[in-house]
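We're numbering straight along the sequence, starting at 1.
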Amino acid sequence: VHITFFSQGSEPKLVDKIDAPATISDNPVHDPKKTAKTKVPRGGGASPAPTQASPTSVAGPIRFVRSQHRPGVGADMSYSDYSADGDPARNLRSYRGINAMCWQDGLPLGLLSWSDANLFRYFELSCDALFAKGRLLSNINSMVDRMHASTGGNYSNAILTEAVRVHASYAAFVQRLGQSFETEITKAKGVLQKVGEVPFNHDNRPRFNTKEDKFWGLTIAINDTWAYDVDVANYEPNPDGSYSAVLNVTIYDHFGLDEPDLDISIFDNFKPYGMVGLFRAWFVLQHIRGFRPFVTTVAISHPVSGRFQ
């Protein structure tokens, strides 16, 4: 399977380019004019055998892959659900009970005594100093500003999309999708309407946590992929058994934390983030002060071509 990429304002080339996000639909699009019909003869008698569906063009989009996780659904999207020491009567959990560092944050001059403005200032300065550089620095500042506005919803950024597009992990993900589509369209003898949604191994999702990612700002922005949708659009089968189409890929992550992100237990999936003041300040802003997390969305279109016979 051959995968090419479009960029706004340029012709198709054999390199990755960003395209505008596609409209997403959960329902297959069918053209009633192109649906085969079988006539039943008058007066009874045996019905003729159903005609074999033939490959036809489909504008779509038609959902091809859908992750089990869904965007916006997860513990890291909760907020205003903790207090310093917890309050069962109000269904609030204890922040100081998470780990020893969180307990110390409740001491005089600790993070819990800081104003919202100082916490956000610390959040942004720490990101700038430790976790983002270059072009992605402006992206993480925009993400912190989005959280400060507490509007929730979906966030996208062209610089972030470009960084994802050129990442090796994302490229491998798209390559597997292209191979999977060619396998399925071959089984369906070129008839896209017979493909439907197919399973995809979630372990093959894109991840952005290399040393370079952590330094330049991709890990703090996304780190992992929580969910993804893949749609097929502009499908064109050809008489010689070849095809062309566009895979509209959308990946999602949550710009939010949950309690396991602060876990520093050496006996259970140790993570260092709970020892870093930045992440504890982030957690306090989200879960105690009530600033809303949001869904980070990256949408890229990938023209593909191959053969179904």
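- For the pair H167 (side chain) and S169 (backbone), a donor-acceptor distance under 3.5 Å is present.
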Check step by step if ring pair (Phe, Tyr, Trp, His ring centres under 6.0 Å) holds for F181 and Y243. CA-CA 11 Å; F181 179 72; Y243 68 85; 5.5 Å; yes
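- Here CD of E197 is found 9.0 Å from CG of D231. Values are rounded to the nearest 0.5 Å.
- The environment of W114 atom CH2 is dense: over 12 non-hydrogen atoms of other residues, nucleotides or ligands sit within 6.0 angstrom.
- R70 and D229 are joined by a salt bridge, as a carboxylate oxygen and a charged side-chain nitrogen come within less than 4.0 angstrom of each other.
- Residues L92 and L112 are members of separate hydrophobic clusters, defined by side-chain heavy-atom contacts under 4.5 angstrom among Ile, Leu, Val, Met, Phe, Trp and Tyr.
- At distances below 3.5 Å, at least one donor-acceptor pair connects side-chain atoms of S67 with backbone N or O atoms of H69.
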Passes side chain to side chain donor-acceptor pair (under 3.5 Å), T296 versus D253? Steps please. CA-CA 5 Å; T296 304; D253 193 41; 5.9 Å; no
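- Taking the six-membered ring for Trp and the full ring otherwise, F173 and Y228 have centroids separated by under 6.0 Å.
- Side-chain N or O atoms of N99 include one that pairs as donor or acceptor with a backbone N or O of C102 at under 3.5 Å.
- Here CG of L192 is found 6.5 Å from OH of Y235. Values are rounded to the nearest 0.5 Å.
- With a 6.0 Å radius and a threshold of 12 heavy atoms from other residues, nucleotides or ligands, N201 has its CG atom above the threshold.
- Within the 4.5 Å cutoff, the side chain of I220 has heavy atoms near those of the W282 side chain.
- The minimum heavy-atom distance between L111 and R289, with the atom names listed, is O-NH2, 4.1 Å.
- Looking only at side-chain heavy atoms (C-beta outward), S80 and F291 stay at 4.5 Å or farther from each other.
- Contact of the V232 side chain with the L247 side chain is registered, since non-hydrogen atoms from C-beta on lie closer than 4.5 Å.
- Two residues are said to be in side-chain contact when any heavy atoms from C-beta on lie closer than 4.5 Å; Q175 and L177 fail this criterion.
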Could you please spell out the steps behind the side chain to side chain contact (heavy atoms under 4.5 Å, CB included) verdict for V58 and Q193? CA-CA 8 Å; V58 179; Q193 296 91 331; 3.5 Å; yes
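- Annotation: cation-pi geometry not satisfied between K189 and F308 (NZ/CZ under 6.0 angstrom from ring centroid, within 45° of ring axis).
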Step by step, work out the side chain to side chain donor-acceptor pair (under 3.5 Å) result for N141 and S138. CA-CA 5 Å; N141 289 339; S138 66; over 6 Å; no
Test side chain to side chain donor-acceptor pair (under 3.5 Å) on E236 and S244 and set out the steps. CA-CA 5 Å; E236 291 289 344; S244 63; over 6 Å; no
Extract all donor-acceptor atom pairs below 3.5 Å that involve side chains of residues 150-159 and protein atoms in other chains or at least two apart in sequence.
from : atom 1 : to   : atom 2 : distance (Å)
S150 : OG     : R292 : N      : 3.0
T151 : OG1    : R146 : NE     : 3.0
Y155 : OH     : N139 : O      : 3.4
Y155 : OH     : N139 : OD1    : 2.7
Y155 : OH     : N157 : ND2    : 3.3
N157 : OD1    : I159 : N      : 2.9
N157 : OD1    : L160 : N      : 3.1

CA sep, side-chain torsions, deciding dist, call: L257, Q286, side chain to side chain contact (heavy atoms under 4.5 Å, CB included): CA-CA 8 Å; L257 301 177; Q286 176 181 338; 4.2 Å; yes
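- Checked against the 6.0 Å centroid threshold, Y79 and H287 do not count as a close aromatic pair.
- The aromatic ring centroids of F131 and F279 lie less than 6.0 Å from each other.
- Proximity of F255 to M147: side-chain heavy atoms (C-beta onward) are separated by under 4.5 Å at one or more points.
- V249 places none of its side-chain heavy atoms less than 4.5 Å from the side chain of S301.
- You'll find the side chain of V295 reaches within 4.5 Å of the side chain of H254, heavy atoms only.
- A salt bridge does not link E182 with R307: none of the charged nitrogens is closer than 4.0 Å to a carboxylate oxygen.
- A continuous path of hydrophobic side-chain contacts links Y273 to L119 [ILVMFWY only; heavy atoms under 4.5 Å].
- D213 places a side-chain N or O within donor-acceptor distance of the main-chain N or O of T210, the cut-off being under 3.5 Å.
- A donor-acceptor contact shorter than 3.5 Å links the side chain of D261 to the backbone of D258.
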Please step through side chain to side chain contact (heavy atoms under 4.5 Å, CB included) for the pair V298 and T250, ending with a clear verdict. CA-CA 6 Å; V298 175; T250 308; over 6 Å; no
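- Between G256 and P293 the shortest heavy-atom distance is CA-CB, 3.9 Å.
- Contact annotation: the side chain of V191 never approaches that of S54 to less than 4.5 Å [non-hydrogen atoms, C-beta and beyond].
- Linking ILVMFWY residues whenever their side-chain heavy atoms come closer than 4.5 Å, directly or via other members, places L137 and L130 in the same cluster.
- In this structure, the separation between CG on L285 and NE2 on H148 is 8.0 Å, given to the nearest 0.5 Å.
- Side-chain heavy atoms closer than 4.5 Å link hydrophobic residues (I, L, V, M, F, W, Y) into clusters, and following such links, possibly through other members, connects L278 to Y95.
- The pair D105-R96 does not count as a salt bridge, with every side-chain nitrogen at least 4.0 angstrom from each carboxylate oxygen.
- For R90 (side chain) and G86 (main-chain N/O), no donor-acceptor pair under 3.5 Å exists by modelled atom type.
- In this structure, OH in Y170 is found 15.5 Å from CZ in R205, a value given to the nearest 0.5 Å.
- Counting only distance, with no hydrogens or angles, the side chain of D87 and the backbone of A89 share a donor-acceptor pair below 3.5 Å.
- In this structure, E259 and R93 approach most closely via the heavy-atom pair OE1-NH2, 3.3 Å.
- Cluster membership check: V164 does not share its hydrophobic cluster with W226, using side-chain heavy-atom separations under 4.5 Å among Ile, Leu, Val, Met, Phe, Trp and Tyr.
- Between G217 and L136 the shortest heavy-atom distance is C-CD1, 3.9 Å.
- How far CD1 of I62 is from CG of N248: 12.0 Å, rounded to the nearest 0.5 Å.
- The main-chain N or O of F123 is never found under 3.5 Å from a side-chain atom of S126 such that the two would form a donor-acceptor pair.
- Ring pair Y82/F283: centre-to-centre distance below 6.0 Å.
- Looking at T297, its side chain never comes within 3.5 Å of a backbone N or O of Y252 through a donor-acceptor pair.
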Could you go through E162 and V166, starting from their C-alpha distance and side-chain angles, then the distance that decides it, and tell me whether this counts as side chain to side chain contact (heavy atoms under 4.5 Å, CB included)? CA-CA 6 Å; E162 172 70 5; V166 300; 3.9 Å; yes
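- Once rounded to the nearest 0.5 Å, the distance linking CD1 of I98 with CZ of R280 reads 10.5 Å.
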Run the side chain to side chain donor-acceptor pair (under 3.5 Å) check on N238 and S242 step by step: do they pass? CA-CA 5 Å; N238 300 311; S242 64; 3.0 Å; yes
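- Using modelled atom types, no side-chain atom of H302 and backbone atom of V174 make a donor-acceptor pair closer than 3.5 Å.
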